[in-house]
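Both ligands and their constituent atoms are indexed starting at 1 by order of listing.
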Amino acid sequence: MGRMNLSAEIIRLSETAMKDIAQKFEEIDRISAENTEKVLSAFQKYRVSEGCLTGTTGYGYDDKGRDTLDLIYADVFGSESALVRIGFVNGTHAITSAIFSALKTGDILLSVTGAPYDTLRGVIGIEGNYHGSLRDYGIGYSQVDLKADGKPDYETIKLAAADQRVAAVFVQRSRGYSNRPALSVSEIGIICDAVHAINPRAAVIVDNCYGEFTETMEPTDVGADLIAGSLIKNPGGGIAPTGGYVAGKRDLVEAAAFRLTTPGIGGECGATLFNNRLLYQGLFLAPHTVAQAMKTAVFCARLLELMGYKTSPVWDETRSDIIQMVELGNPDLLKRFCKGIQAGAPVDAYVSPEPWDMPGYDCPVIMAAGTFISGASIELSADGPMREPFCAYLQGGLTFESGRLGIMMAADMLMAADK
Ligand SMILES: *Cc1c(COP(=O)(O)O)cnc(C)c1O
């Protein structure tokens, strides 16, 4: 039926899902409105002008657009300072610079949300043995796992953070690709208070990937010393072509800049190569784009629940990231779901994703993404490790209309398996 040949059954179920989730959409719109006001007022406060939207070459001294955008990010995130750079190659790079900003030989990094995201394990030195890892520099690592219900273990965190060698406490806000809920900003605030009370020396550093603008507060509003994230996720608004940011306490942001470039130079060099407009326009759109991705996730949850699948979060749960998990239960359905997401994309819709052995994973992973910006997961995309219980992790959607169609394509692929 229609130009995309969606089945009548999926169209009918989608209409039911849309009715069910209407109230949730109002809540998402309210968050987006408040965050838009935050961003827009910062643009006005720092007098963004056409001169900010061009850029520099060479050393990149006195790049007005770059330096003003740093002030705007700091303002939006309620922090003293920020560093927004296309020179951060990805989120891992920005988070790594953030972690190194607070640690010296003999110190300990304490992760309080279990094992960090896969790509950070090599940075810490708990996987691989790379030159320049924390371990290579004589920096220790300890970890407090989340409780069985996926919530922070506040009592154990206090005990572990009391060790005065702990100079940085690491928090991952998003669920990432694991079966635990995202931490809310208020839960992160409780961790910050507990850590600062018992160990004033320790900086709380938050991996903020996928979390930006999903709530009206950010971790830096509730006591986090430093946050970091990727510009091809939420704060780039689907427009920033690459890059990352750190925001937080002035001295830590400066130290992170010294790790990005060189000690002494920090954020003062770094040509923007005419990308400033894209970073400004992306931040301007980000609260809205994140709302589109959240609506896509809520719709996905509800539609698949109506089809009998287990989801996390469930459609009406409070969210603090843009990730939606769907438990498909067998390899055929996981492949079908990803193929459907791919078939619903604006780019590369004709290709068919297949599972492959990705470095850092203990089983093949199937990934669906047809994006304008390579690897941008603020655009509709899905990944699934080919192991029990065969879960797909979905995120993004630049517009709800297109995100919804992508989910309907995937749902139709699942439905066809039953026949
Ligand atoms: C995306 C992400 C990162 C960083 O990943 P990159 O691919 O390097 O941008 C780190 N932590 C979490 C939770 C993420 O979602």
Under 4.0 Å from ligand 1 - residues by heavy atom, chain and number: Asn90, Gly91, Thr92, Ile95, Tyr117, Gln172, Asp207, Cys209, Tyr210, Lys233

Pairwise side-chain contact, Cys300 with Phe337, heavy-atom cut-off 4.5 Å (strictly under): yes

Under 3.5 Å side-chain donor-acceptor pair for Ser312 and Arg175: yes

Min side-chain heavy-atom separation Val206-Asp225 under 4.5 Å: no

Distance-only donor-acceptor hits, side chain of residues 234-243, under 3.5 Å, sequence neighbours excluded:
| residue | atom | partner | partner atom | Å |
| --- | --- | --- | --- | --- |
| Asn234 | ND2 | Tyr210 | O | 2.9 |
| Asn234 | ND2 | Glu212 | O | 3.0 |

Lys233 NZ/CZ over Phe88 ring centroid, <6.0 Å and within 45° of normal: no

Interatomic spacing from CZ in Phe43 to NZ in Lys38 - rounded to 0.5 Å: 14.0 Å

